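Everything on this sheet refers to the single structure shown next.
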Amino acid sequence: MFSTRSAMTAPIELLPREDRRERLREAGYNPFNLASRDVFVDLLTDSGTGAMSSDQWAAMLSGDEAYAGSRSFEGLERAVSDVMGFEYVLPTHQGRGAENVLYGHLLSEGDVVLNNTHFDTTRAHVAANGATPLDCPVEEATDPALDAPFKGNLDLDAARGAVSEAGAERVAAVVLTITNNSMAGQPVSVENTHAARELADDLDVPLVIDACRFAENAHFVREREPEFADSSVAEIAREQLSYADCVVMSGKKEGLSNVGGFLALRDPALKTALKPRLILYEGFPTYGGMAGRDMAAMAVGLREAVDDRRVRARVDQVRSLGDRLRERGVPVYDPVGGHAVYVDAGALFSHLDRSEFPGQALVCAAYLEGGVRTVELGSLAFPGTDRPELVRLALPRRTYHDEHLDHVAEAFGTVVERREEVAGLELVTDPDPPELRHFSAELRPVDAGVLDE
Ligand code: F0G
């Protein structure tokens, strides 16, 4: 049995329903525009929102704030080497900073990037460099009701098909996002990682792993890939990352810190080539975008991330939220992912057309019923695709307790009971670029109903 006890607390308050409705209207029916004080249980993201351990807080006090040659950077290098097996580290302020440094160098106009599924900032960085992001998820991933072990995998046949269509010479990188955040937090198998490596070798391009949630992924590998049943999370993580030339990391996830990120590399020539971009956009190579104390906290966090007991407790908590929601009749994406429960809003609101943003309607209804903040990952976040209408309930690490999970399940249960009364939404503003519009778009209900009563 392993758990954590609270070493620090923060108050949260459930506003009266009237006030929640008013706040929602003021926010343009987009909970990204809500103040955190108006949110009771915040499941918007697992990114930078978790609680740090007392060892991490202790490390913060030892941060070396030197501009050049910081000891805290050396500690981060050692942690990345021990945990992930990479020699070179370029620190950045968060994951997208690492994406900017890497993809701005790797990509040129007309290139193509293959990915099991691009996360939104990855997609935006690829597009911003004039390249085309091509998603190659496995077919089974698009069926929220199908229980399969590795729905996060890259579809190799689809990827090879895309290569012959685009022309092999246009492909600049193969990327694996583990776990596959835009595909319901589903894991990628080590076998699939090996196959992706072969594809990258055939194309003579780098294999990049977006390793934001690498330990949760390793936990699923141990549960589901028989060859690894007796391996530790730490061993599996190192094995899986050993296939990559380069890791893009957001420390805000499984660096278990509130800010930070990095690129991890093997090739000294690539390190040299990336340095000018790192200095220009992030900072000097021994701090990147981070304070020394943040690097120190992340170094400890990375080691804690691969503690088998921590990952099991984490993934079990997410699964238990999924179970509670299912008990209330909420259609949950199967199987439950590593960092979040994804709800199939298309199935729940079968009376709403895709053009009426059923996912965003569910996000709004969940806030209205229980002050619960979640995020849409359907037709609002991914315009022009035919992806399922998913809503993500991401659990911050080491933060919420059973009583919060019960509250969330109850709020969603109320939405299920009143599902017919939930109206769809329409856009009032549709900001550019399309890949990032869901962060700031404003909407309104198309009809009176639960959201507007
Ligand atoms: N890659 C993946 C797979 C991510 O999930 C994220 C962030 C990033 C890259 C970018 O990292 O935020 O540190 O710049 N995902 C967060 C989320 C924001 O809510 O899923 P970042």
Side-chain angles (χ1 to χ4, degrees), residues 30-32 36 39 42-50 90-104 113 115-128 133 135 137 141 152 154 173 175-188 208-217 241 244 246-264 281-282 288-290 294-295 297-298 301-302 305 318 337-342 359 363 373-378 380-382 390-397 399 435-436 438-440:
N30 184 350
F32 274 107
S36 119
V39 176
D42 202 346
L43 307 185
L44 183 68
T45 179
D46 63 325
S47 180
T49 50
L90 302 183
T92 60
H93 75 283
Q94 58 183 89
R96 66 201 70 183
E99 292 179 331
N100 180 34
V101 171
L102 179 69
Y103 295 123
V113 175
N115 197 323
N116 46 348
T117 316
H118 288 80
F119 177 67
D120 53 18
T121 59
T122 321
R123 184 183 308 278
H125 274 294
V126 170
D135 290 342
L154 176 78
V175 185
L176 277 183
T177 307
I178 68 170
T179 56
N180 190 340
N181 187 12
S182 304
M183 259 322 159
Q186 299 298 301
V188 174
V208 179
I209 293 190
D210 177 329
C212 288
R213 301 176 179 87
F214 72 107
E216 288 161 11
N217 199 91
L241 298 178
C246 177
V247 153
V248 174
M249 182 70 187
S250 167
K252 301 174 72 168
K253 284 82 171 176
E254 292 201 295
L256 306 185
S257 49
N258 300 122
V259 75
F262 56 84
L263 289 169
Y281 294 113
E282 296 291 316
M290 278 182 281
D294 294 324
M295 292 191 284
M298 200 204 291
L302 277 175
V318 176
H339 66 298
V341 177
Y342 291 67
V363 164
R373 178 155 63 174
T374 57
V375 68
E376 194 262 12
L377 292 173
L380 181 63
F382 300 100
L390 298 180
V391 166
R392 185 183 76 174
L393 286 65
L395 273 177
R397 294 173 183 78
T399 304
E435 299 87 4
L436 301 177
H438 54 296
F439 290 114
S440 45

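Not measured: the values here are computed from a predicted model. All ligand and atom numbering here is 1-based and tracks the order in the structure.
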- line: Of all heavy-atom pairs linking Pro396 and Thr45, the shortest is CG-O, 3.8 Å

- prompt: Taking all non-hydrogen atoms of both residues, which atom of Gln186 and which atom of Thr179 are closest, and how far apart?
  reply: O-CB, 3.5 Å

message: If you apply the rule side chain to side chain donor-acceptor pair (under 3.5 Å), what do you find for Asn115 with Thr177, and how did you get there?
response: CA-CA 7 Å; Asn115 197 323; Thr177 307; 2.9 Å; yes

- line: On a heavy-atom basis, the closest approach of Met290 and Gly261 is CE-O, 3.3 Å

message: Are the side chains of Asp120 and Phe439 in contact, using a 4.5 Å heavy-atom criterion?
response: yes

Cationic N near anionic O, under 4.0 Å, Asp46 to Lys253: no

task: Give the protein residues with at least one non-hydrogen atom closer than 4.0 Å to an atom of ligand 1, ordered by chain and number.
output: Thr45, Ser47, Gln94, Gly95, Arg96, Glu99, Phe119, Thr121, Thr177, Asn181, Asp210, Cys212, Arg213, Ser250, Lys252, Lys253, Arg392

